[in-house]
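The structure appears right after this line, and notes come after that.
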Amino acid sequence: MSTAHRQVRVVYRGEVQGVGFRYTARNLANQLSVAGGAENLPDGTVRLVAEGPEDVLLRLLLQIRVSHLGPHITDEQIKWGEAQNLQGFYYR
């Protein structure tokens, strides 16, 4: 189990706006004590930025996929990086 703090950035494609994506992502992140945020982008995608232990971030991504949001996701672009010490969870 990895406890190293990382950052993951995911752009979700599909019918991901207007389905409660940001609200659900925030609730899941808060349950897992993950910092970051989710925002709607002008092209109809949603970007998620999350920081925490890598194993917890993987759990967050899985929970998003198996939630009611899963059927709305047609693609996800995932990029891993170093944590930037984000605090809380925003959504725009």
Chi angles and distances behind the side chain to side chain contact (heavy atoms under 4.5 Å, CB included) call for H68, V19
CA-CA 9 Å; H68 74 280; V19 295; 5.6 Å; no
Worked check of side chain to side chain contact (heavy atoms under 4.5 Å, CB included) between F21 and N40:
CA-CA 9 Å; F21 198 104; N40 287 341; 5.8 Å; no
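Going from atom CD of Q31 over to atom CD of Q63 covers 6.5 Å, rounded to the nearest 0.5 Å. In this structure, L48 CG and R22 CZ are separated by 12.5 Å, a value rounded to the nearest 0.5 Å. Between the CD atom in Q77 and the CZ atom in R13 there is a gap of 4.5 Å [rounded to 0.5 Å]. Rounding to the nearest 0.5 Å gives a distance of 11.0 Å between OH of Y12 and CG of D75. Summarising the geometry, atom CG belonging to D55 is positioned 10.0 Å from atom CG belonging to L32; distances are rounded to the nearest 0.5 Å.
Following chains of ILVMFWY side-chain contacts shorter than 4.5 Å, one cannot reach L62 starting from V8, and the two form parts of different hydrophobic clusters. Connection of L58 to V56 is established within a shared hydrophobic cluster, with ILVMFWY side chains joined at heavy-atom distances below 4.5 Å, either directly or through further cluster members. Both L61 and L28 belong to a common hydrophobic cluster when Ile, Leu, Val, Met, Phe, Trp and Tyr are linked at side-chain heavy-atom distances under 4.5 angstrom.
Of all heavy-atom pairs spanning G44 and V16, the tightest one is O-CG2, 3.5 Å. Residues L86 and G36 approach most closely at CD1-CA, 3.8 Å, considering heavy atoms. A29 and L60 get closest at one heavy-atom pair: N-CD1, 3.8 Å. For R6 against E54, the heavy-atom pair with the smallest separation is NH1-OE1, 3.2 Å.
With hydrogens and angles ignored, the 3.5 Å screen pairs a side-chain donor or acceptor of T24 with a backbone N or O of G20. Without hydrogens or angle criteria, R9 side chain to R47 main chain gives no donor-acceptor distance under 3.5 Å. Remark: the backbone N or O of T45 is paired with a side-chain donor or acceptor of Q17 at under 3.5 angstrom. E51 contributes a side-chain N or O that, together with a main-chain N or O of N85, makes up a donor-acceptor pair within less than 3.5 Å.
The environment of OH in Y23 is sparse: at most 12 heavy-atom neighbours from other residues, nucleotides or ligands sit within 6.0 Å. When the shell of 6.0 Å around CD of E39 is examined, it contains more than 12 heavy atoms from other residues, nucleotides or ligands.
Between V10 and I64 there is no side-chain heavy-atom pair separated by less than 4.5 Å. Residues L57 and W80 have side chains in contact (heavy-atom distance under 4.5 Å, counting atoms from C-beta outward).
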